[in-house]
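One structure is given here, and the rest of the page talks about it.
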2 protein chains.
Amino acid sequence: MEDGTFSSPGYCADTGPGAFDVKNWDAREDCEVRQILDRIADKWSLLVIALLDERSMRFTELRREIDGISQRMLARTLRHLERDGLVKRTVHPVVPPRVDYELTPLGASLHSTIKALVSWTEEHQSQIAAARTAYDAAASAGTAAADAGADSGSVRAG
Amino acid sequence: MEDGTFSSPGYCADTGPGAFDVKNWDAREDCEVRQILDRIADKWSLLVIALLDERSMRFTELRREIDGISQRMLARTLRHLERDGLVKRTVHPVVPPRVDYELTPLGASLHSTIKALVSWTEEHQSQIAAARTAYDAAASAGTAAADAGADSGSVRAG
DNA sequence: CTGGATCCCCTTGGATACTG
DNA sequence: CAGTATCCAAGGGGATCCAG
């Protein structure tokens, strides 16, 4: 079905705890889609997934690769990812603690899907940039233009 | 290329302002992918896009449909979407102001891509839920188990 | 009706320090 | 090395009031 792959615009299939349409979006606790979206969209998750998709890495390795991340956020991100079954955490009981992180099949699967979105962005980033420039320009010059054109089409509606 | 559709795990193609790999992720201003991801991931954007994909709507209509949203956030979300060229805003110069919002082809295109991600989530939400349950259970009982198993494999690494 | 401006709370996320 | 706990700043986001 190319018209609508899923049930409702609210993006919560009735297979979940609460079948709903848009109104129920407010009860986001019940919405898996929202959860996943929030997860992959948060500041660092996507990057961690991308990194681990290439090879398994240790905590410090990830931290060094990402560099801008704080240990707090890396730990938190990894824990979230682990909890969702996207990342597997392996603790090696050695004297200097060693922990390896790797993508689970589920995580790899998600990454594949995300790639489509990333590809889209790369293909359309120029259009978006152009739109932003246009919007920005209109915001400066558009005020006077809108004012001038206003009276030409004013009609009553009440 | 089924191995890697895009240049780097940092998800910023060298077609952008700053060709980079992961290190440069910190300079997120240059990263279009990050921008789009943040946009579609914020609390309301996706819902607005989904709604507008069905038909164009007025401000109040959107507000009534979403219901949980504040006018502040709806206005802000729409402005962002408009700036990115994903939504088209049409002002009708009538006495009670009337503004219609509709998805641009670019916005519709993005929505199509997002659907793949949504579908993935719907297909795997049970796995994720199971993983969470397992993680949660392990978090409670796993403490003692990890402690017991620790001495069985302890080795020196220094 | 369509927003912009303001106030205020709460979460996200960075920096730092401490533990195992 | 691999985290956890605490403190703190910035921003997200709701409520309300006001303007066009």
Side-chain angles (χ1 to χ4, degrees), chain A residues 25-26 28-29 34 38-39 41-48 56-83 87 89-101 139 142-143 146-147 149-151 154-158, chain B residues 25-26 28-29 34 38-48 56-83 87 89-101 139 142-143 146-147 150-151 154-158:
Chain A
W25 184 266
D26 207 20
R28 276 153 59 241
E29 285 68 26
R34 189 70 241 177
D38 284 344
R39 177 104 322 126
D42 73 15
K43 204 172 180 181
W44 307 108
S45 294
L46 175 56
L47 185 53
V48 170
S56 79
M57 297 179 83
R58 300 175 55 182
F59 188 89
T60 308
E61 270 187 300
L62 284 167
R63 192 178 167 188
R64 195 172 45 240
E65 287 294 317
I66 302 178
D67 184 64
I69 199 173
S70 61
Q71 68 292 59
R72 170 182 155 81
M73 289 317 296
L74 180 54
R76 173 187 274 257
T77 299
L78 287 169
R79 211 144 335 93
H80 285 327
L81 257 24
E82 187 195 358
R83 193 171 110 92
V87 161
R89 178 171 178 267
T90 307
V91 181
H92 301 283
V94 296
V95 177
R98 180 193 175 101
V99 180
D100 281 291
Y101 291 94
T143 309
D147 182 45
D151 74 331
S154 283
V155 296
R156 282 283 314 285
Chain B
W25 185 265
D26 206 20
R28 277 154 55 243
E29 285 67 28
R34 189 71 244 176
D38 284 343
R39 176 103 322 125
I40 68 147
D42 72 13
K43 203 173 181 182
W44 308 107
S45 293
L46 176 57
L47 185 53
V48 170
S56 78
M57 297 179 83
R58 299 177 56 184
F59 187 90
T60 308
E61 270 186 301
L62 284 167
R63 192 178 167 188
R64 194 172 45 241
E65 286 296 317
I66 302 179
D67 184 64
I69 198 171
S70 61
Q71 69 293 53
R72 170 183 153 82
M73 290 315 297
L74 179 54
R76 173 188 276 256
T77 299
L78 287 168
R79 202 79 359 88
H80 286 327
L81 258 23
E82 186 195 358
R83 194 172 109 92
V87 161
R89 179 171 178 266
T90 307
V91 181
H92 301 283
V94 296
V95 177
R98 180 194 173 102
V99 180
D100 281 292
Y101 291 95
T143 310
D147 183 45
D151 74 333
S154 283
V155 295
R156 283 283 313 287

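Values reported hereafter were calculated over all heavy atoms of this structure, with side chains retained and with hydrogens, waters and symmetry mates removed. Every chain is numbered from 1, with letters handed out A, B, ... down the list of sequences. Note that the coordinates shown come from a computational prediction; the quantities given were computed from them, not determined experimentally.
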For each nucleotide in nucleotides 9-16 of chain D, reading 5' to 3', give B when a protein heavy atom comes within less than 4.0 Å of its base, S when such contact involves only the sugar-phosphate, and - otherwise.
----BBBB
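Following rounding to the nearest Å, B:His80 (NE2) and C:dG4 (C1') show an atom-to-atom distance of 14 Å. The separation between B:Leu74 atom CG and C:dG3 atom P is 8 Å, rounded to whole Å. Taking atom CG of residue B:Leu78 and atom P of nucleotide C:dG3, one finds them 8 Å apart after rounding to whole Å. Following rounding to the nearest Å, B:Leu62 (CG) and C:dC1 (P) show an atom-to-atom distance of 14 Å.
Taking the side chain of A:Ala75 as heavy atoms from C-beta on, and the options D:dT4, D:dA2, C:dC1, the nearest nucleotide is D:dT4.
Going from atom CD1 of A:Ile69 over to atom CZ of A:Arg64 covers 14.0 Å, rounded to the nearest 0.5 Å. Between A:Arg39 atom CZ and A:His80 atom NE2 the span is 5.0 Å, to the nearest 0.5 Å.
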Donor-acceptor pairs under 3.5 Å, side chain of residues 93-101 of chain A to any protein atom, not counting sequence neighbours: which ones?
{"residue": "A:Arg98", "atom": "NE", "partner": "A:Asp100", "partner atom": "OD2", "Å": "3.1"}
{"residue": "A:Asp100", "atom": "OD2", "partner": "A:His92", "partner atom": "NE2", "Å": "2.7"}
{"residue": "A:Tyr101", "atom": "OH", "partner": "A:Arg89", "partner atom": "NE", "Å": "3.2"}

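Residues B:Arg79 and B:Arg58 both approach DNA chain C. Their nearest nucleotides, taken by heavy-atom distance, put B:Arg58 toward the 5′ side.
When the side-chain nitrogen and oxygen atoms of A:Tyr101 are compared with OP1 and OP2 of D:dG3, one or more of them lie within a distance under 4.0 Å. At least one side-chain nitrogen or oxygen of A:Arg89 sits closer than 4.0 Å to the OP1 or OP2 atom of D:dG3.
Minimum heavy-atom separation, B:Ser56 to B:Glu61: O-OE1, 4.4 Å. Between B:Leu74 and B:Phe59, the shortest heavy-atom distance links the atoms CD2-O, 3.5 Å.
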Should A:Leu47 and A:Thr77 be marked as a side-chain contact (heavy atoms from CB on, under 4.5 Å) after you check the CA-CA gap, both sets of side-chain angles, and the distance that decides it?
CA-CA 10 Å; A:Leu47 185 53; A:Thr77 299; over 6 Å; no
